[in-house]
Structures are given as structure tokens and as C-alpha cells.
Amino acid sequence: RQWVDDCKPDWLSLQFVTFGFHRKGLCFGLGEKLAAINPRASWHLMFHELWLGLGENSSLKHRVWGAVQRRIICDMMRRLQPRIVQTQAEPYRQVLSREKVAASVLPLFGNVPYVEGDGWTGLLEPLVTKAAGQPADRSKFYLAGIFGAVHPEWNAEQAVNTLQPLVQSLGKRL
């Protein structure tokens with residue numbers, strides 16, 4: 001608050017990640033605390049993620065947990081009255097619109113390194129060759145990747161076991 005008082009900004013931008021403010025994503029009172037920082041500044045909110053329980057197959061636990069997170073976010077929106085609201089994904093924009101929040105999509109670039117030529121030769125082949133202990137032939141591999149973060153309860157073994165029969169039916173290695 002002191003830093004903001006010293007700077008006297010016209011705008012404040014909140015890059016919002018629910019779990020960035022509380023280990024369980026339950027940042028009670030955040031809207032009130034943020035609104036008190038500088039009641040004169042205009043707010044920009046960027047939602048990098050929303051709340052749990054948005055998926056069709058979400059557990060009851062996540063839907064209830066997410067309902068609490070949603071209330072916290074809606075309270076924050078009411079208190080801050082942001083002039084600009086953005087998110088990085090169209091599905092999140094749609095979810096926010098159901099909450100009467102007019103958000104726009106701000107496409108973000110990733111942190112995937114740029115590789116000259118094709119990605120296999122310039123980046124992946126040396127890694128796969130090292131892991132396999134022999135020269136890697138791209139045609140013999142089925143590559144799968146994850147971009148972004150995953151929830152702690154995500155089961156990597158289950159995901160691999162789901163892909164494995166498909167990969168084997170193609171005569172390839174995952």
C-alpha cells in the first residue's frame with residue numbers, strides 16, 4: 001500500500017491465479033484488501049485461471065470448492081469494479097460472461113523455446129536419443145506433451161496408461 005501511495009498509479013493490474021493467493025485457492029477478503037490499496041486507481045484484471053469444478057466430470061468436492069472460489073472472485077469483481085477484464089482462453093471468457101463479467105481474450109505466448117527448422121531435429125531428437133540410448137528414428141515414436149501446469153491431483157500414470165494401447169496399436173513407442 002505504501003509503495004502504491006508513493007507511486008500514485010492511475011492503473012493497477014492484477015494478474016490473477018487463484019492458488020497464487022492461498023494454497024487452497026481460498027483467498028477470503030482479497031477484494032476488500034485490494035480495494036483498500038488505492039480507491040482512486042482504475043483496475044485491470046487478468047484471469048489466468050478461474051475456479052475449480054468447471055469441467056463436466058468434476059467431482060462434487062471440486063464443484064463445492066469451486067463455488068466458494070467463484071464467490072470470492074465475484075466479491076473481488078464487485079469491490080474493484082475493474083475497467084478492463086481479460087483472460088487467456090475463450091472458455092474462461094464464456095464462464096465469466098455467465099457471471100455478468102465482460103471479459104476479452106488476451107492471447108498469450110508460451111515459454112516453449114523457438115527452434116530453427118523442425119522441432120524434432122533441433123530439440124527432441126537429441127533428448128529422445130539420450131533417453132533411449134540409441135539413435136532415435138522419429139517414425140518409431142508417438143510424441144505427447146503437456147503445455148501449461150496441471151492440477152496436483154492429475155494422475156500422470158493413468159494418462160500414460162490411457163495412451164499406451166493406442167501407441168502400441170500404431171507400432172510405436174510413447
Side-chain angles (χ1 to χ4, degrees), residues 11-27 30 43-70 72-73 76 82 84-99 101-174:
W11 282 86
L12 293 170
S13 179
L14 175 65
Q15 304 295 306
F16 189 77
V17 176
T18 311
F19 291 90
F21 291 92
H22 184 269
R23 66 182 185 86
K24 293 192 175 190
L26 300 173
C27 41
L30 180 63
W43 279 93
H44 163 256
L45 267 62
M46 174 61 183
F47 286 100
H48 294 276
E49 61 184 39
L50 296 178
W51 48 84
L52 291 177
L54 291 174
E56 292 176 5
N57 298 321
S58 295
S59 66
L60 176 61
K61 175 185 173 182
H62 282 175
R63 288 195 313 268
V64 171
W65 190 349
V68 175
Q69 291 174 321
R70 182 182 57 78
I72 291 168
I73 289 171
M76 181 177 66
I84 299 173
V85 179
Q86 295 176 310
T87 187
Q88 91 294 359
E90 178 60 23
Y92 284 177
R93 190 202 63 73
Q94 291 173 11
V95 168
L96 288 168
S97 73
R98 290 195 301 261
E99 299 299 324
V101 174
S104 61
V105 174
L106 178 66
L108 298 178
F109 58 89
N111 60 354
V112 178
Y114 177 76
V115 176
E116 289 289 340
D118 70 84
W120 172 256
T121 305
L123 180 66
L124 296 174
E125 183 180 26
L127 296 174
V128 175
T129 297
K130 183 177 180 182
Q134 60 188 16
D137 176 358
R138 170 65 181 99
S139 67
K140 296 186 183 330
F141 290 92
Y142 185 93
L143 302 177
I146 297 171
F147 293 89
V150 295
H151 291 284
E153 63 275 358
W154 180 69
N155 187 330
E157 185 177 350
Q158 181 181 13
V160 169
N161 289 339
T162 301
L163 280 176
Q164 198 66 1
L166 166 70
V167 173
Q168 287 174 341
S169 74
L170 297 172
K172 296 186 178 203
R173 290 181 58 193
L174 182 60

Do [X] and [Y] come within less than 4.5 Å of each other through their side chains, counting heavy atoms only?
X	Y	result
W65	L26	yes
F141	L124	no
N161	Q158	no

Taking atom [atom1] as the centre, does [X] end up with more than 12 heavy-atom neighbours from other residues, nucleotides or ligands that are less than 6.0 angstrom away?
X	atom1	result
K61	NZ	no
E157	CD	no
R138	CZ	yes

At what distance, to the nearest 0.5 angstrom, does [atom1] of [X] lie from [atom2] of [Y]?
X	Y	atom1	atom2	result
D137	R173	CG	CZ	11.5 Å
Q94	E99	CD	CD	13.5 Å
T18	E49	OG1	CD	4.5 Å
F19	Q69	CZ	CD	4.5 Å
N57	H62	CG	NE2	13.0 Å
I72	H22	CD1	NE2	8.5 Å

Which atom of [X] lies closest to which atom of [Y], heavy atoms considered:
X	Y	value
T87	M46	C-CE, 3.6 Å
A144	L174	CB-CD1, 4.2 Å
A102	V85	O-CB, 3.9 Å
H44	S13	ND1-OG, 2.6 Å
T162	P165	O-CD, 3.5 Å
L96	A103	CD1-CB, 3.8 Å

Check: S58 main-chain N/O paired with R63 side-chain donor or acceptor under 3.5 Å
yes
Mind checking whether F16 and F21 have parallel, tilted or perpendicular rings, split at 30° and 60°?
parallel
The side-chain hydrogen bond (donor to acceptor under 3.5 Å, both in side chains) partner of H48 among Q86, Q15, Q88 is Q15
